[in-house]
2 protein chains.
Amino acid sequence: MTVAEETGNSPRTRPVLPDVIVREAIRLFGEKSYPVVGMRDLSKAVGVQPGSLYAHISSKEALLMLIVEQGITNYIEAISAAIATDDRADVRLRAGIRAHMRVLAGTTEQTKVTFGQWHYLGPENRSRVLVLRQQYEDLFLTVAQDGIRSGVLRPVPHLKATLLGIIGGLNFAAEWYSPTKSDSPEGIADAIADVLLYGLTAPAGNHSA
Amino acid sequence: MTVAEETGNSPRTRPVLPDVIVREAIRLFGEKSYPVVGMRDLSKAVGVQPGSLYAHISSKEALLMLIVEQGITNYIEAISAAIATDDRADVRLRAGIRAHMRVLAGTTEQTKVTFGQWHYLGPENRSRVLVLRQQYEDLFLTVAQDGIRSGVLRPVPHLKATLLGIIGGLNFAAEWYSPTKSDSPEGIADAIADVLLYGLTAPAGNHSA
DNA sequence: CCTACCGATCGGTAGG
DNA sequence: CCTACCGATCGGTAGG
């Protein structure tokens, strides 16, 4: 019994939001973006008349908000859990990156919407999302600062900018990641983590140029 | 004398596209995104009536195409020039990243539109942009491959994915870079290049944990 | 560059 | 969940 069903006999309760509406909205928003997807497109995908959608959602924006809020929460929960260990900071950073790529691989379309379309929200919803967004960024910032404090990572100038670059690079994977390829999320995550931790430079002394 | 003025007496020539239209379009698309900016918003910003815009542009999409095409060409030209040296690949990679951040700092709004809104173009324009986009990505790919071949850079698994991550990280700077801060584009570029080349790990032997 | 306007489509609602 | 419809706004055009 779901939460919504439990409260089914209280007055004016909106029925359970059918999965198919959220699923099709994620797919359409992810493919074509929020402003160009009309409620008529969504209703066709769901298989009901346009007006019928409003028995389940209060507005188009509320639907976007649901997707974005849940999308970023997925990341916060998975990364929080992955980095909450007693391991060294470099190990925790890698674990965070792995968790990130795992969520991304499992929710690629929702990730595009979450990180690329939150600015279509109105001021109130947008500011609520920015709080979550800050929590998400701080997860990586905290690990990096731990690593610098403990001496495992070197102090980098422009740490914030560097971390935003890393986060941008990770999220951009939503635009090109394809689960059909043999590249596992963990494999890609480890490749990225290796570059971040050890750099692209070859060990000294074996240049041919 | 501009190109358009030279051909001013040939039949059916469209007049010079006024700078103010392109400038305001970049600003509005960058701030609020292409689909939610109406031609009436643009006409208000320019200071003419909505219909008057069509004396200068053929369609809203043509205006977006102009911005995107010119935007990505800015990057291709600057990065091409920066990496066309006889230096070692790691030096050329850094030079490319510096050039990238320099263009980004000078055209932040246009960069947002260029890399974030090209998918609002129709199929024909979109495929032309994807060709340019590929050229742009290949600039970094070529330098990295040179570096690996010459032994300056180590062979990394998922090289393409890694480079796309780097590019994503660089472009994401358009969302947070603020020229008012004292961080120069070169300073940020060097910080990012240092992490990429040398990694975040501290030199061995000085952990406190 | 303006006035005046076109058909199409938008998010959303009333009433069943 | 449906039918029928609302006012508002969209990109773009005709004719000057």
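Predicted, not measured: the structure shown is a model, and the values here were computed from it. In what follows, every heavy atom counts, from backbone to side chain, and hydrogens, waters and symmetry copies are set aside. In what follows, every chain begins at residue 1, and chains take the letters A, B, ... in the order their sequences are listed.
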Item checked: Test applied, side chain to side chain contact (heavy atoms under 4.5 Å, CB included); reference residue, A:Ile21; option that passes from A:Val48, A:Leu63, A:Ile26 -> A:Leu63

Next item on the list: Give the rounded distance in Å between these two atoms: CD of B:Gln49 and C1' of C:dC2.
Entry: 7 Å

Next item on the list: Would you give a per-nucleotide map of nucleotides 10-16 of chain C, 5' to 3', where B means the base has a protein non-hydrogen atom under 4.0 Å away, S means only the sugar-phosphate does, and - means neither?
Entry: BBBB---

Next item on the list: Fit a plane to each ring of B:His100 and B:Tyr136, take the angle between them on a 0 to 90° scale, and name the class: parallel (under 30°), tilted (30 to 60°) or perpendicular (over 60°).
Entry: tilted

Note to self: Return the CD to CD distance between B:Gln110 and B:Gln117, rounded to the nearest 0.5 Å.
What the structure shows: 11.5 Å

Next item on the list: State, yes or no, whether a side-chain contact exists between B:Arg23 and B:Val46 at a heavy-atom distance under 4.5 Å.
Entry: no

Next item on the list: Working to the nearest 0.5 Å, report the span between CG of B:Asp90 and CG of B:Leu196.
Entry: 12.0 Å

Notebook entry, point to check: Is any side-chain heavy atom of A:Phe115 closer than 4.5 Å to a side-chain heavy atom of A:Phe172?
Noted result: no

Note to self: For DNA chain C, report each stem as range with range, ordered by first number, or say none. Use Watson-Crick or G-U wobble pairs under 3.5 Å, at least 3 in a row.
What the structure shows: C:1-16 with D:1-16

Checklist line | Flag side-chain contact, heavy atom, 4.5 Å: B:Arg154 against A:Val195 | finding: yes

Margin query: How close do B:Thr162 and B:Pro157 get, counting heavy atoms only, and between which atoms?
Written below: OG1-O, 3.8 Å

